[in-house]
Amino acid sequence: MDKEFSTSRNFILTGVIWVIIGGIAGLIAAIEMAAPDFLGGIAVLEFGRIRAVHVNVMFFLWVSSIWFGAFSYIVPKLCGVPLHSERLGNISMILWNVVGILAALTLPAGLTQGREYAEMIWPIDILVVIVLLMNLYNIVRTVLARKEKKLYVSIWYTTAALVLMPMVYSIGNVIWDPGSLSGFPIGPSGSLDGIRDSIWNWFYGHNVLGLWFTMGGVAMVYYFVPLIIRSPLYSHTLSLIGFWSLIFFYTMVGHHHLLETPTPGYLKTIAVIGSMGLFVPVFTFLGNIWMTMRGNWGKIYESLPLKFLIVGTVFYFVTCVQGPFQSIQGFNRLVHFTWWITGHAHLAMLGTMSFWAMGGLYYMVPVIMKRRIWSPALGEAQFWLVTLGFLIMMLTLQIGGLIQGGAWLEGQTVYAALPSMKPYAIGRAMSGALLFFGFCLQLYNIYKTMRVGQPISGSNAVAAAEIPT
Amino acid sequence: MATIVENITKGMSEAVDGLKRRRFVLRMDYPTIFFGTITVFLGVVFVVVAMPALTFHVDPSPDARPLTAQEEHGRSIYASNGCWYCHSQYIRPQDWTGVKSFETLGRVAQAGDFAYQKTMLLGSERTGPDLSQEAGAHSDDWHIAHFQNPRYTSMKSIMPEFKFFAPDELNDTIAYVQSLGGKPGVARAQKQREVKSALLAIRAQGEPTRTLQIESMYNPTWANVTNPMPPSPRSLTHGKYIFVTNCIGCHGVLGDGKGPSAQYLQPQPFNFTTAQQQSILSDGQMYHAILLGQEGTAMPAWGDFLTVNDIWDLTNFLRTIPGSSLTSDPTYEMWQATEATVAKNPQNPAKNPFQTEFGKVNEGSYYNGNDIGPGLGGSTINPNNNTAPGATDINKGDYPANNGASPNNPPQNQSTPKP
């Protein structure tokens with residue numbers, strides 16, 4: 001439990017397992033969209049329940065687990081000291097898996113708060129915040145004990161992510177209001193009354209992406225990319241601007257999910273301005289990374305982690321161009337409520353965050369375990385399966401979404417427009433199968449690496465991450 | 001004087017020099033990061049979260065209404081089954097319709113509509129229609145059949161089955177759905193129930209009256225409207241297409257009113273297979289029945305989904321259903337099996353316009369009706385059986401066991417052409 005980097009290792013391993021569970025849930029949901037009577041009539045596998053499992057497992061047990069793992073790897077490395085307490089980290093890892101198990105049991109049982117991304121019920125919410133705070137403490141103590149005086153940008157982002165996420169989570173879940181644990185209409189639930197509740201819900205809904213996933217992901221990319229290509233970061237001023245503008249603008253944008261609801265206009269204005277403002281942190285970050293890559297682009301063929309990370313930044317670019325445009329009223333009218341948005345969500349969480357997670361873990365696993373990746377070819381196959389699966393998913397969902405939105409604008413009713421969505425639902429389910437297969441390869445590869453990967457001796461462990469292909 | 005000016009200019013140029021020399025650098029030490037992050041975040045949070053929570057209190061809108069305990073329970077079922085992932089609950093200014101648009105048109109959501117609710121279920125997707133004005137759009141028994149399997153009533157639906165609902169869960173969910181739309185919505189749902197009992201009372205007296213003939217409820221002049229669409233092959237083919245892809249869940253694959261929904265519905269779906277039944281309704285009445293639906297019964301208003309053209313074609317087609325008085329009309333000869341079809345499947349000539357691969361409906365994917373054409377039957381399903389293949393498959397699936405048309409008990413009034 002006290003072994004160096006054991007927290008990081010264990011978080012990564014559990015994440016790699018959880019993504020399979022989230023994947024099964026997602027695949028079931030996708031098939032149900034195309035063939036609604038598939039598994040029909042089984043309550044726990046009903047679309048509305050299994051969708052909640054899929055989203056929560058992918059958010060909190062897959063990507064977030066990798067984030068925790070990466071934080072407790074990156075920060076000690078950058079500070080030149082071991083993690084403050086591996087034991088604390090491992091306890092938080094166990095608790096985090098308890099969160100996962102509870103979520104995977106309660107959500108199919110229909111116990112939900114009924115608020116998007118905040119489905120997990122109150123007792124689980126508490127556990128989530130505890131784990132976040134444990135990690136915050138651990139990271140802050142590590143940074144305070146550092147030998148390296150300079151604070152590299154990844155440390156800013158890591159700290160900010162862990163500082164902000166407990167606050168975002170508590171506010172968004174109205175955590176001081178447990179609801180009554182028995183009689184409240186919608187399970188044990190924190191929420192406000194009236195339409196104000198949706199304002200809080202979407203403040204949370206967007207910031208869990210902006211202030212947790214983006215922060216964590218950016219921290220990883222800032223750390224791994226310069227390291228892999230052995231070239232210093234292009235500009236620290238850019239990362240400085242990016243950092244503060246990210247916190248400032250992201251916090252404003254939640255309301256762009258509610259542009260056409262009867263809510264105060266000033267919130268909508270702020271959200272649209274904030275969404276446009278997001279171009280600042282996004283392009284400073286991307287510019288910084290891409291400029292760092294100058295002269296080294298060829299290395300994405302040599303390093304699997306780099307390949308995942310850089311392709312992730314490309315998808316991040318697409319996400320962050322789509323996002324602000326979606327929040328412009330004119331475009332929002334067309335795409336809101338359609339599958340386009342589902343495509344956009346996958347672009348962010350799968351195309352960007354999951355790619356960064358995969359890149360990070362393919363770097364960290366060999367270094368931590370001091371073994372070469374068992375089969376680089378399999379990793380390569382995973383890369384292509386996931387990339388292809390993701391692209392098909394995004395394209396089918398977004399093309400389908402445009403057709404849907406266009407049909408509505410034309411005056412068709414939702415029911416009348418359903419048949420034109422059918423091919424896209426099928427395409428999306430097929431893409432889900434590709435993705436699922438890709439993640440299975442990942443699990444197998446990591447398992448084999450752990451077991452029979454070729455050991456590397458001595459301090460030269462970093463070389464392990466450089467996977468020849 | 002001169003020295004003062006000199007001093008000022010000197011001071012200014014020094015200041016400019018200083019600015020030029022010093023690059024703007026924010027020192028990122030750890031306290032700056034830690035507390036700076038919190039400060040920026042909380043500053044924005046104050047504006048976008050705290051302010052609205054403190055100031056945005058709206059009075060209930062005139063239509064708003066607190067839910068009863070039963071409806072509230074239905075609402076929690078709605079939440080736990082994730083209905084809100086597929087259904088929104090607010091109509092936007094640009095949405096020209098919710099459901100049953102001719103009654104609810106223009107009811108754009110107001111903040112006060114949500115006054116009595118805790119935990120918003122506004123929804124973020126419209127895989128299914130907006131439900132904010134759903135109450136009264138359908139009768140209660142339509143909902144029973146619909147929750148059992150949405151494909152029973154809405155054949156193109158991709159909504160999940162909710163047959164796992166316990167009886168009280170089903171009731172409460174329906175109570176909730178029938179309360180969506182506030183006071184006017186509840187009034188609409190109430191009217192459905194009143195018309196239903198009035199209708200059943202009239203029918204109980206043995207009179208063959210249709211709803212459309214009750215003068216107080218419908219415009220009697222509709223009876224005089226004639227069908228402007230000639231019953232051309234195009235019209236009939238199209239009518240059949242629409243019927244097979246929309247109506248057989250209730251009206252049955254044979255048009256005898258014994259679709260899978262029928263077991264849940266009261267009054268029963270209309271039976272098109274007898275001349276006596278068909279003669280009750282004029283073309284104009286049939287048109288209006290389809291366009292506006294039948295209040296108090298499960299018959300939906302198809303005006304939101306079908307065009308005028310579709311409905312007149314349907315009306316033409318419905319008159320060709322075997323057993324109705326019009327089958328002997330030479331105009332409809334083309335519905336007999338063609339030689340090609342018979343040759344393909346000698347034992348099972350197409351007998352009536354409903355012979356299609358209808359079994360697919362039961363397997364979950366909704367039927368898209370692509371291979372419907374005059375004289376074409378999906379007779380590949382059960383070549384050795386001498387009845388409509390659709391009917392055979394239906395009885396294998398979820399269809400009610402007591403369905404009248406079964407392989408062993410084909411509908412009596414079916415005319416079998418000799419190949």
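Chain identifiers are assigned alphabetically (A, B, ...) following the order of the sequence lines, protein sequences preceding nucleic acid strands; residue numbering begins at 1 within each chain. Since we're looking at a predicted model, the values are computed, not measured.
Per-residue heavy-atom pair counts under 4.5 Å with chain A were compared for B/Leu306, B/Thr55, B/Val40, and the maximum is reached by B/Val40. Ranked by heavy-atom pairs shorter than 4.5 Å toward chain B, the options A/Ala417, A/Gly110, A/Ala109, A/Gly205 are led by A/Gly110. Most heavy-atom pairs under 4.5 Å with chain B, from the set A/Ile42, A/Leu164, A/Leu144, A/Ile155: that is A/Leu164. Most heavy-atom pairs under 4.5 Å with chain B: of the set A/Ile270, A/Thr261, A/Ile341, A/Asn201, this distinction falls to A/Thr261. The greatest number of non-hydrogen atom pairs below 4.5 Å with chain A, out of B/Ala115, B/Cys83, B/Gly128, B/Pro150, is found for B/Gly128. When A/Asn207, A/Leu107, A/Ile247 are compared by the number of non-hydrogen pairs under 4.5 Å with chain B, A/Ile247 comes out ahead. Taking A/Lys149, A/Arg51, A/Glu32 one by one and counting their heavy-atom pairs under 4.5 Å with chain B, the maximum is reached by A/Arg51. Ranked by heavy-atom pairs under 4.5 Å with chain B, the first of A/Leu409, A/Leu258, A/Leu211, A/Leu267 is A/Leu267.
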> What do the steps show when you test A/Gln113 against B/Thr119 for side-chain contact (heavy atoms from CB on, under 4.5 Å), and what is the final call?
Replying inline: CA-CA 8 Å; A/Gln113 294 191 136; B/Thr119 305; over 6 Å; no

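Both the backbone and the side chain of A/Trp156 come within less than 4.5 Å of a heavy atom of chain B. Only the backbone of A/Thr338 comes within contact range of chain B, with at least one heavy atom under 4.5 Å from a heavy atom of that chain. Within the 4.5 angstrom heavy-atom criterion, no atom of B/Asp113 approaches chain A. If you measure heavy-atom distances from A/Glu46 to chain B, the contacts under 4.5 Å come from the side chain alone. If you measure heavy-atom distances from A/Ile171 to chain B, the contacts under 4.5 Å come from the side chain alone. Of the two parts of A/Leu39, neither the backbone nor the side chain holds a non-hydrogen atom closer than 4.5 Å to a non-hydrogen atom of chain B. Using a 4.5 Å cut-off between heavy atoms, B/Ser154 touches chain A through backbone and side chain atoms alike. Residue A/His236: no heavy atom, backbone or side chain, is found under 4.5 Å from chain B. Residue A/Val153 does not touch chain B at all, counting heavy-atom pairs closer than 4.5 Å. Only the side chain of A/Phe203 comes within contact range of chain B, with heavy atoms under 4.5 Å apart. Neither the backbone nor the side chain of B/Tyr78 has a heavy atom closer than 4.5 Å to any heavy atom of chain A.
Remark: B/Ala111 engages A/Ile195, A/Pro262, B/Phe56, B/Val58 in a side-chain contact (heavy atoms from CB on, under 4.5 Å) (not counting sequence neighbours).
Of all non-hydrogen atoms in A/Leu418 and B/Lys156, the two that sit nearest each other are CD1-O, 3.5 Å. Closest of all the heavy-atom pairs between B/Leu121 and A/Gly114 is CD2-O, 3.7 Å. Taking both residues in full, the closest heavy atoms of A/Phe337 and B/Gly123 are given as CE2-O, 3.8 Å, listed atom of the first, atom of the second, then distance. For the pair B/Cys86 and A/Phe47, the tightest heavy-atom approach, listed with the atom from each and the gap, is SG-CE2, 3.7 Å. Contact record, B/Phe305 with A/Ala416: CD2-N, 4.3 Å, taken as the closest heavy-atom pair. Here the closest heavy-atom approach between residue A/Gly48 and residue B/Tyr85 is recorded as O-CE1, 3.1 Å.
Residues B/Pro52 and A/Arg196 have side chains not in contact (no heavy-atom distance under 4.5 Å, counting atoms from C-beta outward). Two residues are said to be in side-chain contact when any heavy atoms from C-beta on lie closer than 4.5 Å; B/Ile158 and A/Met33 meet this criterion. Contact of the B/Tyr30 side chain with the A/Thr159 side chain is registered, since non-hydrogen atoms from C-beta on lie closer than 4.5 Å. Under the 4.5 Å side-chain criterion, counting only non-hydrogen atoms from C-beta, A/Tyr415 is not in contact with B/Pro129. Looking only at side-chain heavy atoms (C-beta outward), B/Met28 and A/Trp244 come within less than 4.5 Å of each other. The closest side-chain heavy-atom distance from A/Leu192 to B/Lys118 is not below 4.5 Å. For the pair B/Met51/A/Tyr266, a side-chain contact is recorded, criterion being any heavy-atom separation below 4.5 Å from C-beta on. A 4.5 Å side-chain heavy-atom check between B/Gln117 and A/Asp193 finds every atom pair outside the cut-off.
When atom types are taken as modelled, the side chain of A/Asp197 and the backbone of B/Met120 share a donor-acceptor pair closer than 3.5 angstrom. For A/Thr413 (side chain) and B/Asp304 (main-chain N/O), a donor-acceptor pair under 3.5 Å exists by modelled atom type.
Note: B/Asp95 CG to A/Arg333 CZ = 9.0 Å, rounded to the nearest 0.5 Å. Atoms CE and OG1, from A/Met167 and B/Thr37 in turn, are 8.0 Å apart once rounded to the nearest 0.5 Å. To the nearest 0.5 angstrom, A/Leu151 atom CG is 8.0 Å from B/Asp29 atom CG.
Taking non-hydrogen atoms and a 4.5 Å limit, the residue list of residues 41-49 of chain B in contact with chain A, ordered by number, reads B/Phe41, B/Leu42, B/Val44, B/Val45, B/Val47, B/Val48, B/Val49.
Side-chain polar atoms of B/Ser124 and A/Glu116 form a donor-acceptor pair below 3.5 angstrom.
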